[in-house]
Amino acid sequence: MSGVEKDLESLPYTEYIREIMNPDEIFEKPEPLKGIRVLDIGTLIFGPMVATYLAEFGAEVIHVEMPGRGDTMRPLAPFADFHRNLAAGFEATNNSKYHIAIDMRTPEGKELIYKLAKRSDVVVENYRPGTTDRWGVGYRQLSKINPRLVYISMSGFGQWGPFTFRPSYDAVAQATSSLIESTGFPDAIPLKAGAWIGDYYGAMMGAFCVMVALYWRDKTGQGQYIDHPQAENLMRNMDWTWIYIGLTGKNRERYGNKDVAIVPSDIVKCKDGFVAIAAFKEDEFRGLCEAMNRLDLFEKYADIDERLKEENQDVIYSALHEWAREKTVKELEDLGEKFGFASNKVYSSEDQYNDEHWRARKAIWIYDDPIFGSLAEVAPTPKLSETPGRVKWTARPTGIDNEHIFIRLLGLTKEEIDELYKKGVIGKWDPNVFFSCPPSDWDEKSGLFYP
Amino acid sequence: MSELEESTPISYEEIPWNDWAKENCDPFKAAEKPEALDDIVVLDLSYGSFAGLYCSSLLAEYGAKVIRVEPPEGDIARKMTPFGLKIKDTGLAYIVEGRNKYHITLNLETEEGRDILRSFIPKVDVLIETFKPGYLDSLGIGYRQLSKINPGLIYCAISPYGHFGPKAKSKKPDYDVIHQAMSGMTWTTGIPEEYEEYPEHTRVPTKLGPWMGWYVGGGFAAFGIMTALFYRNKTGKGQFIDVVPAEAQAKTNNYYIQYYHTKKRVVGRIANFDPAVFVYTLIRAKDGMAFMAGFSDINFYALTSIINRPDLREKYPSIKERLTPSTWPECLAEIEKWSTQRTVKEIIQATLDYTGDGTCVAGEVLKPIESFKEENWWLRGGLRKVNDPNYGELSVQGITAKFEKTPGRIKWICRPVGADNEIIYTDLVGLTKEKIEELKKKNVL
């Protein structure tokens, strides 16, 4: 043991960290949320993704869908281009979960939800405010069955207030929070993010809230309710926008890629691509000016306050763009390393996928799913040394884990289950709806947890 | 429905759900309720990084005692402010993330300063830092050394390339634009090259306006810390957390990695369309822009009914036709024949008035200054006015989530550099007033 410690002591720093983080040993380490059961009754992204983040760190997540077609997310494939019946959107939003299908609007379906809620630690939902309460599976009902329950409702605008009944999608939150109107160039159109950031990132903040509530429950034994509004979450992340408007009465405009609070910080077009560049601290700015062979700029604008003046920003940004135009991506990246300023190519998914550094970090997680074969995810984030996150399997066909959960967890008999199938209270995938099904060449055995 | 309700063993409450939620999760009553994290002490050593600052803000909002450690001249993040606008020498963005934090100074480049840091460590649960990988280790105060003083320490490091891997030794500094560029999201955001009606310099990959790389990185870091705290409660063990904001933001970048792996295809810039759902786009109105969605068959039915264009259903009957990129501008032009005759408000009203099958969703695209005026945020405490003894009356982001039993809160807004030296050094490290003065003179504090 002491020998191991000595070895670690003598290692250079980043190698030492690699040792304690070792991506090859992830499955040998414990899962921090083992023992936490999450009942994920939501749909699309904003609710289910909360549960996915928890599943990646070891929570047992049961994703409840409607029998047959299943989750509305199941057909969300780019360009309607599916991979063996699996939509990339559904895949990215669900991994390492158990998939069961209950029509929870039926009395028997509700009974099943009560039984599950009694044995769960967390419930996640993202229907329109009041819907689960009306169905009888809201916080008011489930917390009576299980007072230790942490119940989180994810919605566009929260459970009360003037906007509460507005239907919401990611883009509505982006639009209302004004993220869209602050993205893009002033002489073109406002821009939606190229991804559902309000959903995927908002869901992460939901997962953070669940952890805060679980931490408190550990001390007090009490569960609680959390109302998580998507649009307000995006507003929270608008940095200086609101305080600026309150003070000046002026709008925050669209500034394209240049930053008006950190100068310089921009994205430049060069000979063979686009590169992000930033250099705010004095030594970084000097390094950049040296690389540009423009020490005159440094002499004039070494002082940060000078650089931030609107008229001087223009001078600096114009010089940066002009200089970068004749460089290559590689040259700009190397110059950043040499002169100590920040520079990195604007990455596509292909760049990320093939980046050796990301691969060495296992930031891209490539794995074999027992049902769908070889797949890749962005790895669980962040990376923890003692209790790292992991991807175990991908999203599964509708209702495939019914028996596993109803028999082994709830103690139902085969006869009771058959009765529920007959009544349509529970169900599996619909053979006529391909995106709810296993791949057509599935052997009907691989990947089953039951029998 | 009534039959269903009778069959359940649970009785329904008298008051409507929304009223219950408001009554029980009212953020303005937060001070009457306990704080979830009030037994946690956090040292935030971050420098020039809003990822670190936002991460500790989240913990501070839920009651952690967060001690901001700045060098004697202050964190350079105080200078990151639009057009140089400051209040009392502190930039606007920093003021927002100074909330509920004690502000002390400590010079880690002196041995005395490092000794003081070490004396903190037994009392600290979480340490956050954003220096270049190995910098604190080289000073003898990295995870390797501090975890020996306190094995329960949760040490969270945030950096652009992470603390291991071939690029971990990079000398490049940490900036939001770098995270956004590396995340993959900048690649898909923006106007495609071939949309020649827009100026050339605007047809480029475009970062999101605010510092989303930093904020997303900080948010994931806070989740990692909570997960580690939860585990520590069971085992007593601390750990190292390696946060790369670009990896975090990549996690929010839809399914683009998944799609590349199976199809070897890259999704490029998509303007205001969406490769997996159409109609789901911005549309022009008489008086600005709106968002409109109706993408599943039933919801496309709703949309085409509202604009009275059943012919579009025949032309684009399934998602197959609707997700062909050439369809997007073509079909959008047809929808805009209707929408440009109407105001944004009229468009939204039309979708709300619709009572047929399916749902069509529309929303306003608000400018920040318009959004600022929406009563909704102020009523829910998403935006707050605070009156701070140091910084005056300000409008800032409030607390996002509304907790029933342990609501987050803003106790104060920010503090000047070193303002809490005396209280923290006396209370936590036992330094006398004289000693503090002496250390200040020696530039240790």
Side-chain angles (χ1 to χ4, degrees), chain A residues 13-14 17-18 32 76 78 80 83 88 92 107 130 133 141 159-163 167 172 175 178 181-183 185 188 194-195 200-201 208-209 211 216 224-225 227-228 232-233 236-240 243 245-246 251-252 261 265 276 278 308 346 348-349 357 360-361 376 378 382-383 385-386, chain B residues 7 10 17-18 21-22 36 82 84 92-93 134 137 163-165 167-168 175 177 181 187-189 198 202 205 209-210 215 223-224 226 231 239-240 242-243 251-256 258-262 275-276 291 323 361 363 365 367-369 371 376 380 382 395 397 400-402 404-405:
Chain A
Y13 178 70
T14 60
I17 295 294
R18 187 192 177 277
L76 264 69
H83 170 69
D133 189 72
Q141 296 91 25
Q159 303 294 312
W160 82 90
F163 290 176
V172 174
S178 74
E181 268 288 3
S182 54
T183 300
F185 288 81
Y200 283 107
Y201 170 53
F208 164 76
C209 289
M211 290 312 303
W216 192 68
Q224 63 174 315
Y225 180 72
D227 167 14
H228 199 278
E232 280 173 67
N233 182 52
R236 177 67 182 84
N237 300 286
M238 292 285 290
D239 50 45
W240 45 265
I243 186 170
I245 293 172
N251 187 35
R252 178 202 177 116
S265 164
L308 288 173
V346 174
S348 69
S349 49
H357 177 67
R361 290 177 55 75
V378 178
K383 299 194 178 298
S385 64
E386 294 294 314
Chain B
S7 75
I10 310 295
W17 165 251
N18 311 87
K22 182 178 189 316
L92 304 186
D137 188 78
H163 281 228
F164 73 98
K167 288 184 189 166
Y175 288 100
V177 72
W187 180 272
T188 51
T189 305
Y198 299 105
T202 69
Y215 277 94
F223 170 71
M226 284 314 305
Y231 179 73
Q239 57 183 313
F240 183 83
D242 189 11
V243 182
K251 191 84 188 156
T252 73
N253 198 29
N254 287 15
Y255 44 77
Y256 300 133
Q258 289 81 351
Y259 186 61
Y260 181 77
H261 177 76
T262 54
F291 165 76
L323 291 181
V361 169
V365 179
K367 290 187 167 67
I369 199 163
S371 188
N376 187 72
R380 288 182 48 84
S395 300
Q397 295 94 314
T400 300
K402 322 302 174 206
E404 179 200 3
K405 289 180 184 153

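For B:His261, the ring-ring contact (aromatic ring centres under 6.0 Å, His included) partners two or more places apart in sequence, or in a different chain, are A:Tyr353. For B:Lys167, the salt bridge (charged side-chain N to carboxylate O under 4.0 Å, His left out) test picks out A:Asp355, with sequence neighbours left out.
Both the backbone and the side chain of B:Tyr256 come within less than 4.5 Å of a heavy atom of chain A. Of the atoms belonging to B:Phe240, heavy atoms from both backbone and side chain fall under 4.5 Å from chain A.
Between chain B and the options A:Asn237, A:Leu76, A:Val346, heavy-atom pairs under 4.5 Å are most frequent for A:Asn237. For the set B:Pro205, B:Ala168, B:Gly165, B:Gly363, the count of heavy-atom pairs under 4.5 angstrom toward chain A peaks at B:Pro205. Highest contact tally toward chain A, considering only B:Lys22, B:Arg380, B:Gln397, is held by B:Arg380 [criterion: heavy-atom pairs under 4.5 Å]. Most heavy-atom pairs under 4.5 Å with chain A, from the set B:Leu92, B:Asn254, B:Ile369: that is B:Asn254. With respect to chain B, the highest number of heavy-atom pairs below 4.5 Å among A:Trp160, A:Trp216, A:Tyr200, A:Trp240 belongs to A:Trp160. Interface summary for chain B: among A:Leu308, A:Asp239, A:Thr14, the most heavy-atom pairs under 4.5 angstrom belong to A:Asp239. With chain A as partner, the option from B:Gly382, B:Gly84, B:Ala93, B:Ala36 having the largest number of non-hydrogen pairs under 4.5 angstrom is B:Ala36. For the set A:Glu386, A:Arg252, A:Arg361, the count of heavy-atom pairs under 4.5 angstrom toward chain B peaks at A:Arg361. Of all the listed residues (B:Thr188, B:Thr189, B:Val365, B:Asp242), the one sharing the greatest number of non-hydrogen pairs under 4.5 Å with chain A is B:Asp242. In terms of non-hydrogen atom pairs under 4.5 Å with chain B, the most contact-rich of A:Glu181, A:Glu232, A:Arg236 is A:Arg236.
For the pair B:Tyr215 and A:Met238, the minimum side-chain heavy-atom distance is 4.5 Å or more. For the pair A:Pro78/B:Tyr255, a side-chain contact is recorded, criterion being any heavy-atom separation below 4.5 Å from C-beta on. Inter-residue side-chain proximity for B:Val361 and A:Val172 is flagged as met; some heavy-atom pair is nearer than 4.5 Å.
Checked against the 6.0 Å centroid threshold, B:Tyr259 and A:His83 do not count as a close aromatic pair. Ring pair A:Tyr225/B:Trp17: centre-to-centre distance below 6.0 Å.
With hydrogens and angles disregarded, a donor-acceptor distance shorter than 3.5 Å links the side chain of A:Gln224 to the backbone of B:Lys405.
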